[in-house]
Amino acid sequence: GLIESDRPVRDLPGWRPPRKVAIVGNAADPADLQSVAPQLTFVVLRNAADAQSDISDADILIGSCSQSLLVQAARVHWVQVMSAGVDQCLSAPLFRERGLLLTNMQRATGALIGEHAIALALALARNLPTHLANQRQANWTYGRDGSMRTLIGKTLLVVGLGGAGME
């Protein structure tokens, strides 16, 4: 039921410019963010005590959408998760109750994940884990044991055609 907006966030009903951003753990580098948004205050939440003291007046939460954080963050109206998957966010009752804006990294990491999937498929076809172990033992039977396969003529199933699947 998620819909990609056809207009900028600032044009959505009820939008208010953010003043404070809470970053969970190392989800983002506050110095990098501060350099592009110097008018905002950034706080890093390293533990539960940080969250209790620093999140109550945050407008944006980066890195987590846990129900416990959302309870403490009554002003939050935008949550940015650092993954493509958002199931855990949508299962938090406060998300639906508050009608929070949710953004993810689907388009930002699609190419990297697609390339990584191809690299892993090739590594498995060539049985690289076995050959690496053999190399460490100075066993140079590389490929002569029939463990190297080709992907020519093989079919690959891509499950899910989101940002990563399309890549």
Side-chain angles (χ1 to χ4, degrees), residues 1-125 128-129 132 156-167:
L2 294 177
I3 300 167
E4 187 173 325
S5 181
D6 59 351
R7 52 192 167 144
V9 171
R10 69 179 175 273
D11 294 343
L12 295 175
W15 175 255
R16 64 183 187 275
R19 296 177 307 193
K20 186 175 183 179
V21 179
I23 302 167
V24 178
N26 61 356
D29 183 351
D32 285 347
L33 295 175
Q34 192 77 67
S35 71
V36 296
Q39 74 281 12
L40 298 179
T41 300
F42 294 91
V43 295
V44 178
L45 311 176
R46 303 256 181 240
N47 54 48
D50 286 350
Q52 287 180 342
S53 63
D54 289 335
I55 199 170
S56 63
D57 61 342
D59 301 294
I60 299 173
L61 181 58
I62 297 178
S64 177
C65 55
S66 76
Q67 182 78 3
S68 62
L69 285 177
L70 292 175
V71 166
Q72 297 175 53
R75 279 189 50 90
V76 162
H77 57 94
W78 179 4
V79 175
Q80 167 67 48
V81 293
M82 304 310 286
S83 63
V86 294
D87 293 348
Q88 75 281 9
C89 298
L90 298 177
S91 66
L94 283 177
F95 241 92
R96 293 182 192 273
E97 291 169 18
R98 291 188 194 166
L100 300 176
L101 173 66
L102 174 62
T103 53
N104 66 2
M105 298 297 286
Q106 180 183 31
R107 300 279 187 252
T109 59
L112 290 171
I113 294 170
E115 290 173 4
H116 190 65
I118 290 171
L120 292 175
L122 288 168
L124 290 173
L128 291 185
L132 181 60
L156 175 71
L157 171 65
V158 177
V159 178
L161 294 177
M166 291 302 291
E167 291 294 332

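Computed from a predicted structure; not experimentally measured. Only heavy atoms go into these numbers, but all of them, side chains included; no hydrogens, no water, no symmetry mates.
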Would you tabulate the side-chain donor-acceptor contacts of residues 21-40 under 3.5 Å, counting partners in other chains and residues two or more places apart, or write 'none'?
unit_1 : atom_1 : unit_2 : atom_2 : d
Asp29  : OD1    : Ala31  : N      : 3.0
Gln34  : NE2    : Ala37  : O      : 3.4
Gln34  : NE2    : Pro38  : O      : 3.2
Gln34  : NE2    : Leu40  : O      : 2.9
Ser35  : OG     : Asp32  : O      : 2.6

N/O donor-acceptor pairs under 3.5 Å from side chains in residues 84-96, not counting sequence neighbours:
unit_1 : atom_1 : unit_2 : atom_2 : d
Ser91  : OG     : Asp87  : O      : 3.4
Ser91  : OG     : Gln88  : O      : 3.0

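In terms of heavy atoms, Met166 sits closest to Leu161 at CG-O, 3.4 Å. Taking both residues in full, the closest heavy atoms of Pro13 and Arg7 are given as CD-NH2, 3.9 Å, listed atom of the first, atom of the second, then distance.
For the pair Val79/Val81, a side-chain contact is recorded, criterion being any heavy-atom separation below 4.5 Å from C-beta on. Counting heavy atoms from C-beta on, the side chains of Leu100 and Leu70 come closer than 4.5 Å.
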* Show the numbers, then the answer: is there a side-chain contact (heavy atoms from CB on, under 4.5 Å) between Val9 and Thr103? => CA-CA 11 Å; Val9 171; Thr103 53; 5.6 Å; no
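With a 6.0 Å radius and a threshold of 12 heavy atoms from other residues, nucleotides or ligands, Arg10 has its CZ atom at or below the threshold.
Rounding to the nearest 0.5 angstrom, the gap separating the CD1 atom in Ile60 from the CZ atom in Phe42 is 7.5 Å. Here the straight-line distance linking atom CD of Gln80 with atom OG of Ser64 works out to 12.0 Å at 0.5 Å rounding. Rounding to the nearest 0.5 Å places CG of Leu45 at 8.5 Å from CD of Gln72. The line from CD1 of Ile55 to OG of Ser68 is 8.5 Å long, rounded to the nearest 0.5 Å. Between the CE atom in Met105 and the CD1 atom in Ile113 there is a gap of 9.5 Å [rounded to 0.5 Å].
Listed by first and then second residue, the salt bridge (Lys or Arg N to Asp or Glu O under 4.0 Å) pairs that reach into residues 19-28 are Lys20-Asp57, sequence neighbours excluded.
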